[in-house]
Amino acid sequence: MLSSKAKYALRAVVCLAEHTEDGIWLQTGEVAEREQVPRKFLEAIFVQLRDHGILESRRGAQGGYRLLRQPAAISVADIIRVVDGPLALTPCASRTRFRQCPDCVEIGLCRLQPVMQLARNAVADILENCSLAQLAGNKERPQQVKAKPTRKQNPHIPETKRHGRRGSNAPMSQSMRSN
């Protein structure tokens with residue numbers, strides 16, 4: 001699940017992206033007020049993003065923060081990885097911080113890893129292909145991000161099990177069908 005910290009970070013960098021063309025520096029207090037983010041929390045987020053090369057900062061009355069790169073060159077995935085870490089649901093499915101799960105006996109025999117990798121790939125495909133420029137361009141109500149279909153059929157799951165009711169793969173009994 002996306003943390004509140006990551007949501008705040010995304011809202012704040014989109015605010016900065018909206019002002020990239022102006023070339024102005026925005027102060028933490030101004031961004032915090034615009035985006036309804038606690039100022040102290042935002043200060044820590046901005047330092048983290050600065051330390052990872054997403055933002056640059058300048059001290060003084062005319063100082064503040066701004067994006068280090070163009071908004072089109074920064075993806076939503078970039079921000080989430082800095083703030084929340086890998087996009088994968090399990091460490092064995094991560095591309096950036098791969099490691100064997102602590103409770104895994106043998107990774108080569110794991111039945112969950114392939115599906116976790118598919119989930120990670122689907123999420124990454126959307127988040128890596130959505131830039132801050134795209135989010136900043138949708139000022140009224142963000143439209144759905146158009147992504148290439150990434151759903152791949154798992155050949156190990158029969159078609160009847162893919163579309164079961166409420167996760168149940170068992171056939172309905174005669175008594176249940178008559179109700």
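Since this is a predicted model, take the numbers as computed values, not measurements. Every heavy atom of this structure was used, including side-chain atoms; hydrogens, water molecules and symmetry mates were not.
- Here the OG1-CZ distance, from Thr90 to Phe98, works out to 9.0 Å after rounding to the nearest 0.5 Å.
- Atom CG of Leu26 and atom CD of Glu35 lie 10.0 Å apart (nearest 0.5 Å).
- Hydrophobic clustering (side-chain heavy atoms under 4.5 Å, transitive across Ile, Leu, Val, Met, Phe, Trp, Tyr) groups Val47 together with Val83.
- When atom types are taken as modelled, the side chain of Ser94 and the backbone of Pro91 share no donor-acceptor pair closer than 3.5 angstrom.
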Inset, instruction - Go through Arg81 and Arg97 one step at a time and tell me if the side chain to side chain contact (heavy atoms under 4.5 Å, CB included) criterion holds. - result: CA-CA 10 Å; Arg81 283 188 184 111; Arg97 296 187 190 153; over 6 Å; no
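- In this structure, CG in Leu89 is found 11.5 Å from CD in Gln117, a value given to the nearest 0.5 Å.
- Counting only distance, with no hydrogens or angles, the side chain of Asp51 and the backbone of Gln48 share no donor-acceptor pair below 3.5 Å.
- Nearest heavy-atom pair, Ile107 versus Cys92, reported as atom, atom and distance to 0.1 Å: CD1-CB, 3.7 Å.
- Arg58 contributes no side-chain N or O that, together with a main-chain N or O of Arg66, makes up a donor-acceptor pair within less than 3.5 Å.
- Crowding of Arg99 atom CZ: a count of heavy atoms from other residues, nucleotides or ligands under 6.0 Å not exceeding 12.
- Between Gly63 and Trp25, the closest heavy-atom pair is O-CB, 3.6 Å.
- Both Ile24 and Val14 are assigned to one and the same hydrophobic cluster, defined by single-linkage of ILVMFWY side chains at heavy-atom distances under 4.5 Å.
- At distances below 3.5 Å, at least one donor-acceptor pair connects side-chain atoms of Gln134 with backbone N or O atoms of Ser131.
- Within 6.0 Å of CD in Glu33 there are 12 or fewer heavy atoms belonging to other residues, nucleotides or ligands.
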Inset, instruction - Using the side chain to side chain contact (heavy atoms under 4.5 Å, CB included) rule, take Gln36 and Arg11 through it: C-alpha gap first, then chi angles, then the decisive distance, then the call. - result: CA-CA 9 Å; Gln36 298 296 298; Arg11 289 179 14 212; 4.0 Å; yes
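- Contact detail for Cys15 and Arg34: the closest heavy-atom pair is SG-CD, 3.9 Å.
- Using a 4.5 Å heavy-atom cutoff, the side chains of Val37 and Val31 are not in contact.
- Closest of all the heavy-atom pairs between Ala12 and Leu42 is CB-CD1, 3.5 Å.
- Phe46 and Val82 fall within the same hydrophobic cluster, where Ile, Leu, Val, Met, Phe, Trp and Tyr residues are linked whenever their side-chain heavy atoms come under 4.5 Å apart, directly or through other members.
- Distance check, rounded to the nearest 0.5 Å: CG of Leu109 to SG of Cys104 gives 8.0 Å.
- In this structure, Met116 CE and Asn121 CG are separated by 12.0 Å, a value rounded to the nearest 0.5 Å.
- The shortest non-hydrogen separation linking Glu18 to Ala136 is CG-CB, 3.8 Å.
- Rounded to the nearest 0.5 angstrom, Lys40 NZ and Glu43 CD are separated by 4.5 Å.
- Under a 3.5 Å cut-off, the side chain of Arg120 and the backbone N or O of Ala124 do not form any donor-acceptor pair.
- For the side-chain contact (heavy atoms from CB on, under 4.5 Å) criterion with Ile79, the lone passing option out of Leu127, Asp84, Ile74 is Ile74.
- Classification of the Tyr8-Phe41 ring pair by plane angle, with boundaries at 30° and 60°, yields perpendicular.
- A donor-acceptor contact shorter than 3.5 Å links the side chain of Gln27 to the backbone of Ala61.
- Side-chain contact between Leu68 and Ile54 is absent, with no heavy-atom pair separated by less than 4.5 Å.
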Inset, instruction - Please lay out, stage by stage, how Lys5 and Ile45 fare under the test side chain to side chain contact (heavy atoms under 4.5 Å, CB included). - result: CA-CA 8 Å; Lys5 185 177 180 182; Ile45 291 168; 3.8 Å; yes
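- The two residues Leu2 and Ala6 have their closest heavy-atom pair at CD1-CB, 3.5 Å.
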